[in-house]
Novice: 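The structure is given below, and queries will be raised subsequently.
Positions are given from 1, in the same order as the sequence printed here. Because only heavy atoms are used, hydrogens play no part in the values below, and waters and symmetry mates are left out as well, while side chains stay in. Computed from a prediction, not measured in an experiment: that's the story for all the values here.
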Amino acid sequence: EMHDIASMMVEIILIERGYSTLNLGCCVPVDSVIRAARERQASIVWTSYSLLGNLSNVVQENHSLFSAVHHDTHLLVGGAALTSRVRSLLRYTCFLEGMTQLSDWVQKDTISKVPVT
């Protein structure tokens with residue numbers, strides 16, 4: 001599936017840039033993302049929005065995720081469904097339009113890196 005490929009590409013970019021990763025896959029409930037981020041003490045959480053269902057639910061889940069992760073955790077968002085209107089409703093650290101922007105952003109991020117084990 002194409003979403004699995006994109007998810008794996010994000011993981012490869014992060015590993016290449018020196019991050020320890022955990023790929024939860026596609027269509028993961030927000031509670032599971034929050035639990036994994038807390039358990040792993042994640043420095044970055046990446047979420048991608050290719051298709052949007054109920055916009056109110058998407059916004060509510062995004063706000064829950066943003067509020068639940070540690071204040072030092074960067075919430076990065078991307079995806080074709082994030083128009084400027086939708087982005088204005090969400091909470092996040094940075095919007096990235098593609099893999100190149102992700103790679104550039106993580107290359108500049110020197111605080112969050114965790115040695116790969």
Side-chain angles (χ1 to χ4, degrees):
E1 146 130 6
M2 69 179 181
H3 298 103
D4 289 329
I5 293 170
S7 183
M8 286 185 272
M9 289 174 61
V10 168
E11 185 175 22
I12 290 167
I13 289 169
L14 292 172
I15 290 170
E16 180 183 278
R17 295 293 187 199
Y19 292 84
S20 174
T21 66
L22 173 62
N23 184 341
L24 299 178
C26 299
C27 301
V28 177
V30 71
D31 292 340
S32 297
V33 176
I34 291 168
R35 186 172 38 261
R38 287 179 174 168
E39 287 173 2
R40 299 270 305 210
Q41 298 177 340
S43 57
I44 293 175
V45 173
W46 165 273
T47 59
S48 181
Y49 301 84
S50 299
L51 301 169
L52 296 180
N54 182 308
L55 183 57
S56 296
N57 290 346
V58 170
V59 170
Q60 181 181 5
E61 288 177 353
N62 164 266
H63 286 221
S64 295
L65 176 58
F66 187 85
S67 297
V69 296
H70 191 269
H71 71 277
D72 291 338
T73 302
H74 300 291
L75 179 56
L76 308 181
V77 299
L82 294 185
T83 63
S84 59
R85 179 183 167 274
V86 173
R87 287 194 313 269
S88 72
L89 302 172
L90 301 180
R91 298 174 68 196
Y92 53 88
T93 305
C94 188
F95 166 71
L96 302 165
E97 289 190 62
M99 298 300 167
T100 302
Q101 283 188 345
L102 172 63
S103 181
D104 291 345
W105 190 90
V106 295
Q107 184 174 357
K108 294 175 187 173
D109 179 38
T110 57
I111 297 170
S112 300
K113 290 186 181 176
V114 175
V116 177
T117 54

Novice: So if I apply the side chain to side chain contact (heavy atoms under 4.5 Å, CB included) rule between Thr47 and each of Leu75, Leu90, Asn62, Leu76, which one comes out positive?
Specialist: Leu75
Novice: Considering only heavy atoms from C-beta outward, does the side chain of Leu14 approach that of Trp46 to under 4.5 Å?
Specialist: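 SC-SC contact between Leu14 and Trp46 ruled out.
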Novice: Test of understanding: clusters of I, L, V, M, F, W, Y form through side-chain heavy atoms closer than 4.5 Å, transitively. Do Leu65 and Leu55 belong to the same one?
Specialist: yes
Novice: Could you go through Gln101 and Cys94, starting from their C-alpha distance and side-chain angles, then the distance that decides it, and tell me whether this counts as side chain to side chain contact (heavy atoms under 4.5 Å, CB included)?
Specialist: CA-CA 10 Å; Gln101 283 188 345; Cys94 188; over 6 Å; no
Novice: Could you check Val86 against Leu89 for side chain to side chain contact (heavy atoms under 4.5 Å, CB included), going step by step and ending with a plain yes or no?
Specialist: CA-CA 5 Å; Val86 173; Leu89 302 172; 5.5 Å; no
Novice: Report the distance from atom CZ of Arg17 to atom CD of Gln107, rounding to the nearest 0.5 Å.
Specialist: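 Reported to 0.5 Å precision, the distance equals 4.0 Å.
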Novice: Rounded to the nearest 0.5 Å, what separates atom CG in Leu102 from atom CG in Leu96?
Specialist: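 Result: 6.0 Å between the selected atoms.
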Novice: Please determine whether residues Phe66 and Ile44 belong to a single hydrophobic cluster, defined as Ile, Leu, Val, Met, Phe, Trp and Tyr linked transitively by side-chain heavy-atom distances below 4.5 Å.
Specialist: no
Novice: Provide the closest heavy-atom pair for Val45 versus Ala37 in the form atom of the first, atom of the second, distance.
Specialist: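 Looking at all heavy atoms of both residues, the closest pair is CG2-CB, 3.9 Å.
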Novice: Looking at every heavy atom in both Arg91 and Ser67, which two are closest together, and how far apart are they?
Specialist: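 Taking every non-hydrogen atom into account, NH1-OG, 3.1 Å.
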Novice: Is there a chain of hydrophobic side chains (I, L, V, M, F, W, Y, each step under 4.5 Å between heavy atoms) that links Val10 to Val106?
Specialist: yes
Novice: State whether the side chain of Arg87 and the backbone N or O of Leu82 hold a donor-acceptor pair below 3.5 Å, judged by distance alone.
Specialist: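 Yes; at least one donor-acceptor contact below 3.5 Å.
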Novice: Establish whether Val69 and Phe95 are linked, either directly or via other cluster members, by ILVMFWY side-chain heavy-atom contacts under 4.5 Å.
Specialist: yes
Novice: I'd like to know if the side chain of Ser103 reaches the main chain of Met99, judged simply by a donor and an acceptor atom lying under 3.5 Å from each other, with no hydrogens or angles considered.
Specialist: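 No.
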Novice: Output the distance between atom OG (Ser20) and atom CZ (Arg40), rounded to the nearest 0.5 Å.
Specialist: 4.5 Å
Novice: For a quick test of your reading: what N or O donor-acceptor pairs under 3.5 Å do the side chains of residues 23-34 make, sequence neighbours left out?
Specialist:
from  : atom 1 : to    : atom 2 : distance (Å)
Asn23 : OD1    : Ser7  : OG     : 2.9
Asn23 : OD1    : Gly25 : N      : 2.8
Asn23 : ND2    : Ser7  : OG     : 3.1
Asn23 : ND2    : Glu11 : OE1    : 3.3
Ser32 : OG     : Arg35 : NH2    : 3.4

Novice: Grab the two heavy atoms, one from Ser50 and one from Ala81, that are nearest each other, plus how far apart they are.
Specialist: O-CB, 3.5 Å
Novice: Tell me whether Ile13 shares a hydrophobic cluster with Ile5, the cluster being built from Ile, Leu, Val, Met, Phe, Trp, Tyr side chains joined at under 4.5 Å.
Specialist: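 Yes.
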